[in-house]
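Everything on this sheet refers to the single structure shown next.
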Amino acid sequence: QVQLVESGGGLVQAGGSLRLSCAASRSTLSFNAMGWYRQAPGKQRDMVARIYSGGSTNYADSVKGRFTISRDNAKNTVYLQMNNLKPEDTAVYYCNGDIYPRTYWGQGTQVTVSS
């Protein structure tokens, strides 16, 4: 069973930074892709950033230039560095990992950005 455990959420003022971590129960190299999604109240869960097995990344337009996804294979951990946070970034952030054909999710961590 694959487990993904997020940490690092919290309350921050607009313009501030947070770093989210996602610790995997198996090697991050075994995933085809890993990423971060977010879900605000009453809205659908949307992709924020993804990193693929070869190291390529992609981002939602709304976070480009502010968020950075990275991976530490020695620690089996994926990170999301979030800078210049905005109130509209407030959401529950979920870690996601694909080992085809299955997709795994973490339990989520709350990020709240105050104006």
Side-chain angles (χ1 to χ4, degrees):
Q1 182 69 10
V2 176
Q3 291 186 323
L4 302 172
V5 179
E6 303 99 333
S7 60
L11 173 64
V12 65
Q13 289 187 330
S17 298
L18 283 175
R19 188 177 79 158
L20 305 183
S21 300
C22 172
S25 61
R26 60 186 294 174
S27 171
T28 47
L29 293 173
S30 65
F31 290 86
N32 301 102
M34 297 188 75
W36 292 92
Y37 288 67
R38 67 186 181 187
Q39 187 168 20
K43 296 188 177 181
Q44 67 181 20
R45 189 174 298 186
D46 291 326
M47 189 276 290
V48 175
R50 286 179 69 76
I51 185 166
Y52 297 89
S53 57
S56 61
T57 59
N58 69 294
Y59 296 89
D61 288 343
S62 59
V63 306
K64 283 181 181 176
R66 300 188 298 122
F67 291 11
T68 303
I69 188 170
S70 62
R71 182 179 64 196
D72 186 333
N73 296 324
K75 295 183 178 180
N76 295 332
T77 300
V78 173
Y79 302 98
L80 184 68
Q81 177 66 45
M82 305 186 293
N83 298 328
N84 190 22
L85 282 159
K86 303 176 181 181
E88 52 264 42
D89 294 319
T90 295
V92 178
Y93 284 69
Y94 296 91
C95 180
N96 158 284
D98 293 332
I99 302 177
Y100 296 148
R102 294 192 62 178
T103 297
Y104 301 91
W105 292 93
Q107 81 287 352
T109 186
Q110 176 71 45
V111 171
T112 303
V113 184
S114 63
S115 57

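Because the structure is a prediction, the values reported are computed rather than measured.
Across all their heavy atoms, V63 and V48 have their closest contact at CG2-O, 3.6 Å. Of all heavy-atom pairs between M34 and A24, the closest is CE-CB, 4.4 Å. Between Q13 and V113 the shortest heavy-atom distance is C-CG1, 4.0 Å. Residues Y59 and A49 share a closest heavy-atom pair of CD2-CB, 3.5 Å. Contact record, W36 with S21: CH2-O, 3.5 Å, taken as the closest heavy-atom pair. Closest of all the heavy-atom pairs between Y93 and F67 is OH-CE2, 4.1 Å.
Interatomic distance, CG of N84 versus OG of S17, reported as 8.0 Å (0.5 Å rounding). Of the inter-residue distances, the one linking I69 atom CD1 with Q81 atom CD reads 12.0 Å to the nearest 0.5 angstrom.
Checking D98 against T103 by side-chain atom types alone, a donor-acceptor pair falls below 3.5 Å.
Side-chain atoms of R71 come within 3.5 Å of backbone atoms of Y52 as a donor-acceptor pair (strictly under, hydrogens ignored). Side-chain atoms of Y94 never come within 3.5 Å of backbone atoms of E6 as a donor-acceptor pair (strictly under, hydrogens ignored).
Residue I99 is not grouped with residue M47 when hydrophobic side chains (ILVMFWY) are merged at heavy-atom distances under 4.5 angstrom, including chains of intermediate members. Under a hydrophobic clustering in which Ile, Leu, Val, Met, Phe, Trp and Tyr are joined whenever their side-chain heavy atoms come within less than 4.5 Å, directly or via other members, V92 and Y104 fall into different clusters.
Here the rule is side-chain hydrogen bond (donor to acceptor under 3.5 Å, both in side chains) with T28, and of T77, N73, D72 only N73 fits it.
At a threshold of 4.0 Å, the pair K86-D89 does not count as salt-bridged, since none of the basic side-chain nitrogens sits closer than that to a carboxylate oxygen.
Ring-plane geometry between Y37 and W105 is classed as perpendicular, the angle between the planes exceeding 60 degrees on a 0 to 90 degree scale with a lower cut at 30.
A cation-pi arrangement is present between R19 and Y79 under the rule of less than 6.0 angstrom and at most 45 degrees off the ring axis.
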